[in-house]
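Heads up, the thing below is written out as structure tokens.
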Amino acid sequence: MRGLIEFTNYCKNDCNYCGIRRSNKNADRYRLTEDQIIECCQVGFDLGYRTFVIQGGEDSTYKDDDLVRLIQRIKSEFPECALTLSIGEKPYESYQKYYDAGADRYLLRHETNTKELYEELHPDMSYEERIKCLKDLKEIGFQVGAGFMVGLPNQTNEDFVNDLMFLKELQPHMVGIGPFIPHQDTPMKDAGTGDLETTCKLLSIVRLLLPKVLLPATTALGSISPLGREQGLKAGANVVMPNLSPTNVRDKYLLYDGKICTGDEAAHCRGCIERRINNAGYSVDMSRGDWGQTP
Ligand code: SAH
């Protein structure tokens, strides 16, 4: 289990699928202060979490010095916890600073390994830069999470094969796979939603391809079907990331329509997810959950 803190929904990028893209004037923007983020960690710590994932849009208000201070503070106040960042593309030197400050892991989905599709989806971004970031993160020594969306418009099995071959080569520690879900205020609002069966099949293939990999049953999977995360676990997923964000900002971090758990307290999510994991036939492991350590 990892506790997820969505600390800002400001973003300088304009990804066509994402509800917090910079062009979405309807997004109600927020950013948490350092003290608020620490407070979320404390709530999570008291609920038993030993990994925190700090995720956000690419918000340039947080300078490297601010992030380094935040990382050092989390690591000094919660020394037994692992810290994961998911804050997008940065220069090598910035990633190095975060690592030196104590961050352990970094999630940056490659989104799709088909260059043409990648560039259609991401105005002003480059496929090569995304891949370079993942390689930089690995070289620096982070435990790295890549991953992709399922059910993007015009995505074919050939694209999935590209994703799988890329993952085999990169050998990431984690792979985040979730269905694409349209958001009403994006250019992709009329596109179809990714389906549960294809997503679960891909989870299973990745489990076979990278036997020890950390594989989340994602919130997006739980959002397209009431038992989506349970099905993901049965297909081979072994990580769940319940939300620790304060309830007053939860419904603002909307990457897609119909996101689950936007009104729930952290303690409620902690109990709900444990029941779901147990009902799927598994038990909860609240350790740091480093790669290779999963029981
Ligand atoms: N800014 C960070 C965090 C992105 S949000 C970064 O660039 O890594 C985390 C993930 O949500 C994205 O990597 C993307 O795969 C997923 N996501 C965004 N919009 C989505 C949508 N409409 N449907 C499903 N998943 C989406």
Side-chain angles (χ1 to χ4, degrees), residues 2 4-24 27 29 31 53-62 67 84-90 94-95 98 103 105-113 117-118 121-127 129-134 136-137 142 144-153 155 159 163 167 172 174-196 198-199 202 216-225 228-229 232 241 243 245 252-260:
R2 283 90 163 88
L4 177 66
I5 301 165
E6 300 157 332
F7 76 109
T8 173
N9 71 351
Y10 282 87
C11 193
K12 66 179 165 63
N13 291 330
D14 217 17
C15 309
N16 287 335
Y17 47 82
C18 185
I20 63 168
R21 66 201 299 270
R22 68 158 188 267
S23 298
N24 181 9
R29 306 283 170 175
R31 76 171 55 87
V53 182
I54 307 291
Q55 186 179 84
E58 290 197 18
D59 180 354
S60 18
T61 299
Y62 291 95
L67 290 162
T84 305
L85 302 178
S86 179
I87 53 176
E89 296 180 15
K90 304 273 181 180
S94 300
Y95 286 151
Y98 310 154
R105 309 180 184 143
Y106 205 104
L107 306 182
L108 185 80
R109 290 189 181 177
H110 65 280
E111 312 296 359
T112 171
N113 192 45
L117 184 56
Y118 184 91
L121 295 169
H122 303 96
D124 322 319
M125 290 172 78
S126 100
Y127 164 79
E129 186 58 32
R130 193 83 176 170
I131 303 303
K132 179 181 182 293
C133 285
L134 280 163
D136 289 350
L137 289 162
F142 283 100
V144 171
F148 59 98
M149 280 178 284
V150 174
L152 293 162
Q155 195 178 28
D159 297 316
D163 289 316
L167 291 170
M174 179 178 274
V175 178
I177 303 176
F180 159 70
I181 309 173
H183 185 290
Q184 58 185 351
D185 298 317
T186 65
M188 288 166 68
K189 62 178 186 305
D190 297 321
T193 301
D195 72 88
L196 180 69
T198 311
T199 309
L202 284 157
T218 58
T219 306
L221 197 56
S223 297
I224 59 166
S225 173
R229 283 172 299 178
M241 300 191 190
N243 206 310
S245 310
K252 298 182 175 44
Y253 197 81
L254 289 185
L255 311 181
Y256 46 82
D257 293 335
K259 187 181 176 199
I260 51 171

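When a ligand or atom number is given, it counts from 1 through the structure's own listing order.
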When you compare the side chains of D163 and H110, does any donor N or O come within less than 3.5 Å of an acceptor on the partner?
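Side-chain D/A pair, D163 to H110: present.
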
Will you find, in the side chains of N113 and Y127, an N or O donor that is under 3.5 Å from an N or O acceptor?
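Checked: N113/Y127 side chains pair up, N/O donor to acceptor below 3.5 Å.
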
Please write down residue, atom name and distance for the protein heavy atom closest to atom 26 (C) of ligand 1.
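Protein heavy atom with the smallest distance to atom 26 (C) of ligand 1: M149 SD, 3.6 Å.
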
Protein contact of atom 24 (C) of ligand 1 - nearest heavy atom, named by residue and atom, plus distance
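Result for atom 24 (C) of ligand 1: P179 O, 3.2 Å.
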
Please confirm whether H122 comes under 4.0 Å of ligand 1, counting heavy atoms of the residue only.
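Under 4.0 Å: no for H122.
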
Determine whether any heavy atom of H183 lies closer than 4.0 Å to an atom of ligand 1.
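No, H183 has no heavy atom closer than 4.0 Å to ligand 1.
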
Numbered atoms and elements of ligand 1 in range of G56, under 4.0 angstrom, heavy atoms
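With G56 as reference, the close atoms of ligand 1 come out as 1 (N), 2 (C), 3 (C).
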
Over all atoms of both residues, closest heavy-atom pair of V175 and P216:
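Where V175 meets P216 most closely, the heavy atoms are O-CD, 3.0 Å.
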
Starting from the C-alpha separation in whole Å, work towards a yes-or-no answer on ring-ring contact (aromatic ring centres under 6.0 Å, His included) for Y17 and F180.
CA-CA 8 Å; Y17 47 82; F180 159 70; 7.0 Å; no

Classify the contact between E111 and ligand 1 as side chain, backbone, both or neither, using a heavy-atom distance cut-off of under 4.0 Å.
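Side chain only.
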
Sidechain N-carboxylate O distance under 4.0 Å for D185, K189
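The answer is no: the pair does not qualify as a salt bridge.
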
Does the protein come close to atom 4 (C) of ligand 1 - that is, does one of its heavy atoms sit below 4.0 Å from that atom?
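For atom 4 (C) of ligand 1 the answer is no, since every protein heavy atom stays at 4.0 Å or beyond.
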
Check: Q55 N/O within less than 3.5 Å of ligand 1 N/O:
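N/O-N/O distance under 3.5 Å: no.
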
Decide whether an N or O pair under 3.5 Å exists between L255 and ligand 1.
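So ligand 1 has an N or O lying under 3.5 Å from an N or O of L255.
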
